[in-house]
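Scroll down for the structure; my scribbles are underneath it.
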Amino acid sequence: MTVTLADVAARARVSPATVSRVLNGNYPVAASTRERVLRAVDELDYVLNGPASALAAATSDLVGVLVNDIADPFFGIMASAAQSAIGESATGRGGGEKLAVVCNTGGSPERELTYLTLLQRQRAAAVILMGGALEDPEHLAATAGKLTKLSEAGTRVVLCGRPPVPGDASAAALVFDNRSGARQLTEHLLGLGHRRIGYVAGPTDRTTTRHRLEGHREALAAAGVAEGPTVHGPYDRSSGHEATAELLARDPHLTAVVAANDTVALGVCAALRERGLSVPGDVSVAGFDDLPFSTDAVPSLTTVRLPLHEAGVRAGRLAMSTTEPPADGVETVPGELVVRGSTAAPRG
């Protein structure tokens, strides 16, 4: 026999309205009363009707976490941390729990907008968008419109590792300082004596790509060093592998290569070894992000450490309103240069 809200109310010796208030968390209830209701929920194994509850309340128990590629450790670390933080306030006894759903966009701007529409229809309690944004005016305008509608409907919106969206002031943004990190990385190579530095950049239409490339160029300009060849491609190993051939064709005397991220850097290292070049003996290689495998690579990668886990936790807590939001809605998250075995002074 199906247990009803009235059954829980009778067991807890309260009104059905009080049970509803406890489970929806939308009205203050005395701690002792709340405890009796939750105990009755446990004893009767009552399951809240989610869709009906969402219709009665402003939002549902759903939290959407949008990522480009969950198989990429960059997104996996942040998404996992956010999901843990989202569950921190749950009692495990009915009421308070949130269902965090990871939405994998595959880097498709159309898919991102579709997920935002679906989450709006489901009256999501919160939405977290992770990773850099597509720099396309039409897509940014559409995204701003979606985020504004979500916020107006009571959905909390958090950007993690993504700059604020022009035209939308509703989202809390945790922004990685990619420019500063990239500048530090190139300054490290310049300090070692490198002057012929190639760059394997990410896709041309991504904010992360532009900001990291700008930091690299700022360091070169400040040192009075001419910019070396740059090749754009996806944030994957094959991109680094293929781009290395083009870099060396354009400048066979490169002494260092900066990669868009650590995964790309692995492809660069593999391509150099295939050509009989040693890392860092012949060519130094640097990555970005400090993903878990960076320490175990041979040689271990010099990189910029981004606090991915910490940022994911912060995003999850912001989504649940269990922590103070950043001032003015934007919080800059700095990176840290990590020097390892893949960089050294050039020969000669």
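The pair Arg210-Glu214 meets the salt-bridge criterion, with a side-chain N (NZ, NE, NH1 or NH2) lying under 4.0 Å from an Asp/Glu carboxylate O. By the 4.0 Å N-to-carboxylate-O rule, Glu112 lies too far from Lys146 to be salt-bridged with it. Comment: Glu88 engages Arg317 in a salt bridge, judged by a side-chain N to carboxylate O separation of less than 4.0 angstrom. Taking the charged nitrogens against the carboxylate oxygens, Arg273 and Asp282 have no contact shorter than 4.0 Å, which rules out a salt bridge.
No side-chain heavy atom of Val225 sits under 4.5 Å from any side-chain heavy atom of Thr186. For the pair Pro234/Ser239, a side-chain contact is recorded, criterion being any heavy-atom separation below 4.5 Å from C-beta on. For the pair Met320 and Arg156, the minimum side-chain heavy-atom distance is below 4.5 Å. The shortest side-chain heavy-atom distance between Asp289 and Tyr235 does not fall under the 4.5 Å cut-off. Asp177 places none of its side-chain heavy atoms less than 4.5 Å from the side chain of His211. Residues Thr343 and Leu192 are in side-chain contact: their nearest non-hydrogen atoms beyond the backbone lie under 4.5 Å apart. The shortest distance between side-chain heavy atoms of Val22 and Leu38 falls below 4.5 Å.
Between Ala125 and Ser60 the shortest heavy-atom distance is CB-O, 3.3 Å. Looking at every heavy atom in both residues, Asp7 comes nearest to Thr4 through OD2-N, 2.9 Å. Summarising the geometry of Val165 relative to Leu147, their closest heavy-atom pair is CG2-CD1, 3.9 Å, with the distance given to 0.1 Å.
No donor-acceptor contact under 3.5 angstrom links the side chains of Thr155 and Arg123, judged on distance only. If you check the side chains of Thr148 and Asp168, you find a donor sitting under 3.5 Å from an acceptor. No side-chain N or O of Glu110 forms a donor-acceptor pair with one of His139 less than 3.5 Å apart. A side-chain N or O of Thr323 and one of Arg314 form a donor-acceptor pair less than 3.5 Å apart. For the residue pair Thr263 / Asp236, no side-chain donor-acceptor distance below 3.5 Å is found, with atom types taken as modelled.
In summary, of the residues considered (Thr207, Val333, Val304, Leu306), a side chain to side chain contact (heavy atoms under 4.5 Å, CB included) with Asn178 occurs for Leu306 alone. Exactly one residue among Thr230, Asp251, Leu189 makes a side chain to side chain contact (heavy atoms under 4.5 Å, CB included) with Ile197. That residue is Leu189.
Shown here is Asp328, whose CG atom has no more than 12 heavy atoms of other residues, nucleotides or ligands within 6.0 Å.
Grouping Ile, Leu, Val, Met, Phe, Trp and Tyr by side-chain contacts under 4.5 Å, direct or through others, puts Val279 with Val200, Val231, Leu247, Leu248, Leu254, Val257, Val264, Val268, Leu272, Leu277, Val283, Val285.
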Subject >> Intermediate values then yes/no, salt bridge (charged side-chain N to carboxylate O under 4.0 Å, His left out), Asp290 and Arg340 >> reply: CA-CA 11 Å; Asp290 195 27; Arg340 298 196 181 105; 3.0 Å; yes
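Every residue meeting the ring pair (Phe, Tyr, Trp, His ring centres under 6.0 Å) condition with His216, not counting sequence neighbours, appears here in chain and number order: Tyr199.
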